[in-house]
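Below: one structure, written as structure tokens.
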Amino acid sequence: MANNKIKTSQESVPGTLYVVATPIGNLEDSSARVVQTLSAVDLIACEDTRHSRKLCRYWNISTPLFSYYREREHERSEILVNLLLSGKNVALVSDAGTPAICDPGAILVNKARVAGIKIVAIAGPSALTASLSIAGLTDSRFFFGGFLPSRSAERKKFIKSISSLSYPLVFYETPHRIYDALLDMADVLGERHIQLLRELSKIHEEYLEGSIKDLAEQVKEGIKGELVLIVHPA
């Protein structure tokens, strides 16, 4: 591994905010740059310190962890910006994948940029791009809708608003909402082809496809793990 330790800034010079993508399942997907960055910064801001501690233990990283989650994002971001302005280098991570994409981070990034703090992206895993890479789509265009609304009426309204798009629709979904979400999709979109990718890069990785109603039947009795849905255009 290259010996390019991040130098701690002098007190009068702001530190750097590193937005670090971490594995979505398999911890071996951590790049050398990710491990080096997390080892060298002064603080790691985590969506869930319990989750990030597993990654740190695996790679023998002893950097202090700082809880940074959505419910207190505004408050915690102020603390981090002040630390950065004092010269501390901070890494931002989410539980899995790339921060600030359906995970906390955007508020901190915006405040850091306004404060004149240098921001560096440490590229790496993303459930979105991993799913698209094995979906076999020939159209390079797609619509990413993040997580669908939790309430049925709002969910149907949102799905209907994008139903006329002529390229694939990509969503994240949770195990406890996936069945109802698929039923709402079937009501609004009809018998479109859909792909469901579950637990990418993990032991129980699974790929399902078929009509929306077919997939709803397959997950009716329950399903676990992180889910990505790719709905094909009509």
Side-chain angles (χ1 to χ4, degrees), residues 1-2 4-24 29-53 55-56 59 61-132 140-149 158 162 170-172 226 228:
M1 187 184 301
N4 56 338
K5 293 282 284 183
I6 301 165
K7 295 180 180 179
T8 302
S9 304
Q10 295 178 358
E11 188 171 292
S12 59
V13 179
T16 300
L17 173 63
Y18 296 88
V19 181
V20 183
T22 54
I24 59 176
D29 288 339
S30 305
S31 69
R33 190 180 181 208
V34 165
V35 176
Q36 188 272 329
T37 301
L38 295 181
S39 299
V41 294
D42 298 294
L43 192 69
I44 302 173
C46 315
E47 184 179 3
D48 187 332
T49 55
R50 296 167 299 180
H51 191 94
S52 298
R53 192 168 286 116
L55 175 67
C56 290
W59 292 108
I61 297 168
S62 58
T63 306
L65 305 181
F66 178 86
S67 178
Y68 180 81
Y69 52 97
R70 193 176 303 282
E71 288 75 15
R72 296 183 64 190
E73 194 168 0
H74 282 280
E75 173 190 341
R76 306 296 270 180
S77 62
E78 290 290 341
I79 297 172
L80 290 171
V81 167
N82 286 330
L83 288 170
L84 286 157
L85 289 173
S86 74
K88 301 296 184 182
N89 292 307
V90 176
L92 170 68
V93 301
S94 60
D95 286 349
T98 303
I101 301 177
C102 293
D103 286 321
I107 291 173
L108 174 60
V109 168
N110 285 327
K111 288 185 178 181
R113 180 168 289 115
V114 169
I117 294 165
K118 183 179 179 181
I119 304 168
V120 176
I122 308 296
S126 164
L128 172 63
T129 53
S131 299
L132 291 170
S140 61
R141 300 172 301 167
F142 62 90
F143 173 85
F144 177 56
F147 285 97
L148 288 164
F158 177 63
I162 57 175
V170 186
F171 307 101
Y172 291 159
E226 303 293 329
V228 180

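- Side chains of L108 and V81 form a contact here, defined as non-hydrogen atoms less than 4.5 Å apart.
- Across C102 and R70, no two heavy atoms sit closer than the pair O-NH2, 3.3 Å.
- Going from atom CD1 of I44 over to atom OG1 of T63 covers 4.5 Å, rounded to the nearest 0.5 Å.
- When all heavy atoms of A91 and V20 are compared, the closest pair comes out as CB-CG2, 4.0 Å.
- Atoms CG and CG, from N89 and L84 in turn, are 7.5 Å apart once rounded to the nearest 0.5 Å.
- The aromatic rings of F158 and F143 lie tilted to each other, with the angle between the two planes from 30° to 60°.
- Summarising the geometry, atom CG belonging to L83 is positioned 11.5 Å from atom CD belonging to E78; distances are rounded to the nearest 0.5 Å.
- Heavy-atom minimum distance, I24 versus A96: CA-CB, 3.8 Å.
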- side-chain contact (heavy atoms from CB on, under 4.5 Å) evaluation trace for L17 with L92: CA-CA 7 Å; L17 173 63; L92 170 68; 4.2 Å; yes

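- Of all heavy-atom pairs between V34 and A21, the closest is CG2-O, 3.5 Å.
- The OG1 atom of T22 sits 10.5 Å away from the CG atom of D29 when rounded to the nearest 0.5 Å.
- Remark: the E47 side chain and the Y68 side chain contain no N/O donor-acceptor pair separated by less than 3.5 Å.
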- Kindly indicate, with the supporting measurements, whether the criterion side-chain contact (heavy atoms from CB on, under 4.5 Å) is fulfilled by S67 and R76. CA-CA 8 Å; S67 178; R76 306 296 270 180; 3.9 Å; yes

Table please: side-chain donor-acceptor pairs of residues 116-131 below 3.5 Å, with sequence neighbours left out.
unit_1	atom_1	unit_2	atom_2	d
S126	OG	L128	N	3.3
T129	OG1	S126	O	3.3
S131	OG	A127	O	2.8

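- Closest heavy-atom contact between A106 and A100: N-CB, 3.7 Å.
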- Message: Between Y18 and V90, does the side-chain contact (heavy atoms from CB on, under 4.5 Å) criterion hold? Intermediate values first, please.
- Response: CA-CA 6 Å; Y18 296 88; V90 176; over 6 Å; no

- Criterion side-chain contact (heavy atoms from CB on, under 4.5 Å) on L80 and F66, from CA distance to verdict: CA-CA 9 Å; L80 290 171; F66 178 86; 3.7 Å; yes

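- D95 contributes atom CG, which lies 9.5 Å from atom OG1 of T49 (distance to the nearest 0.5 angstrom).
- Distance check: E75 CD to I107 CD1 gives 12.0 Å after rounding to the nearest 0.5 Å.
- For the residue pair S39 and I61, the shortest heavy atom distance occurs at OG-CG1, 3.4 Å.
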